[in-house]
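Down below is the structure, laid out as C-alpha cells.
Side-chain atoms are counted along with the backbone in the values below, which use heavy atoms only and exclude waters and symmetry mates.
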Amino acid sequence: LELSGSLQGKELGGRLTLETWLLLRSPGTDPDPLAPRRPGTTLWSDRTEVTLEDEGQRFPVTALDFTRAGIAGGRGGAWALIVENTDPSASAAGSIRLLLNSSHPAIRRILESPATSECGHIEHFVRYDMVRQLVALAIDMEDLDDSGEYEAGTLGDLLLFLVRNYLPDYDLRTLRGLRRSDFGEVEAALQAGFRFLERQ
C-alpha cells in the first residue's frame, strides 16, 4: 500500500518526522480468536525522520508580498526576521524564518538577478542585520548559557555560534551588562567582528 501527500516547503525546516499507524477499524464478522477485536487497536506503526537541511547554521527564507500578507501592517519593509520559538533546545530551522518582501524594489532585484554588485551590497547588509538581531536575541535569552553545549542544529547552538564567532572577546554575562549600560560598544564590536561594510 502506497501513501502519498504533499507539504508546503515554506512550512518545513530542519528535520521532518513522519509517523504512520495502521489501526483496526473493525474486527469483522468472524475474527480469529487471537486477533485484536477493539476498534482503534494499533496493528503496526512506523516512524521515519528526514533531514531537510544539513546540520549547518541555516533557517528557512521565504519571499512573499508583505502588503498581501499583512506583515508590518502592509508597509514597505524589505525583510523581517521572525523568531517563533525561543527554546534553546528547539530546532533553529524550525524556530527562525527570514521573510523577504517580494514587492520591495531592492529585494525584487535580488530575487531576479542575485549576481549583480548592487545585490551583493544589499545581501551583505541583510546578513549583518540578521546577525545583529540574533545576537540581541542571545543576549536577551536569560536561559541561554554560553558555557553549555547545545545539540547541533538547535537554536542555542546557532546563537552561541554567532556570539562566539562575531564577539569572541565577550561572554554573555558581560554582554548582558553592556546591554543595559552601553550597548553602543557591543554594536561597534559586532560591526568589527562581522567586518561590516568591508566586504563590498
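Every salt bridge (charged side-chain N to carboxylate O under 4.0 Å, His left out) that R47 has, sequence neighbours left out, goes to E19, E49.
Using a 4.0 Å cut-off between a side-chain N of Lys or Arg and a carboxylate O of Asp or Glu, D140 and R176 do not qualify as a salt bridge.
A continuous path of hydrophobic side-chain contacts links V135 to F183 [ILVMFWY only; heavy atoms under 4.5 Å]. Hydrophobic clustering (side-chain heavy atoms under 4.5 Å, transitive across Ile, Leu, Val, Met, Phe, Trp, Tyr) keeps M130 apart from I71. L111 and V61 fall within a single hydrophobic cluster, where Ile, Leu, Val, Met, Phe, Trp and Tyr are joined by side-chain heavy atoms under 4.5 Å apart, directly or via other members. Cluster annotation: L158 and L167 are assigned to the same hydrophobic cluster (Ile/Leu/Val/Met/Phe/Trp/Tyr, side-chain heavy-atom contacts under 4.5 Å, transitive).
Looking at F125 and L197, their side chains never come closer than 4.5 Å, going by heavy atoms from C-beta outward. Contact annotation: the side chain of L137 approaches that of L159 to within less than 4.5 Å [non-hydrogen atoms, C-beta and beyond]. By the 4.5 Å heavy-atom criterion applied to side chains, T62 and R97 are counted as neighbours. Using a 4.5 Å heavy-atom cutoff, the side chains of P88 and M141 are in contact. Counting heavy atoms from C-beta on, the side chains of R127 and F194 come closer than 4.5 Å. A heavy-atom distance below 4.5 Å is not found between the side chains of V163 and D146. Contact annotation: the side chain of N85 never approaches that of I96 to less than 4.5 Å [non-hydrogen atoms, C-beta and beyond]. S89 places none of its side-chain heavy atoms less than 4.5 Å from the side chain of E151.
The two residues N101 and G77 make their nearest non-hydrogen contact at ND2-O, 2.7 Å. Nearest heavy-atom pair across L162 and V131 is CD2-CG2, 4.3 Å. Scanning both residues, A106 and I122, for their nearest heavy atoms gives CB-CD1, 3.7 Å. Between A138 and L172, the shortest heavy-atom distance links the atoms O-CD2, 4.0 Å. Nearest heavy atoms, Y150 versus D157: CB-N, 3.6 Å. Summarising the geometry of D32 relative to R37, their closest heavy-atom pair is O-NH2, 3.9 Å, with the distance given to 0.1 Å.
Between the T42 side chain and the W44 main chain, no donor and acceptor come within less than 3.5 Å of each other.
Distance check, rounded to the nearest 0.5 Å: CD1 of I139 to OH of Y170 gives 10.5 Å. Distance CD1/I82 to OG/S95: 13.0 Å, rounded to 0.5 Å. Atoms CZ and CG, from R173 and D145 in turn, are 12.0 Å apart once rounded to the nearest 0.5 Å. With rounding to the nearest 0.5 Å, the separation of CD in E185 from CZ in R179 is 14.0 Å. Here H104 contributes atom NE2 and T67 contributes atom OG1; the two are 10.5 Å apart, rounded to the nearest 0.5 Å.
The aromatic rings of F196 and Y128 lie parallel to each other, with less than 30° between the two planes, well short of the 60° mark.
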**Request:** Go through W21 and D46 one step at a time and tell me if the side-chain hydrogen bond (donor to acceptor under 3.5 Å, both in side chains) criterion holds.
**Result:** CA-CA 7 Å; W21 292 277; D46 181 61; over 6 Å; no

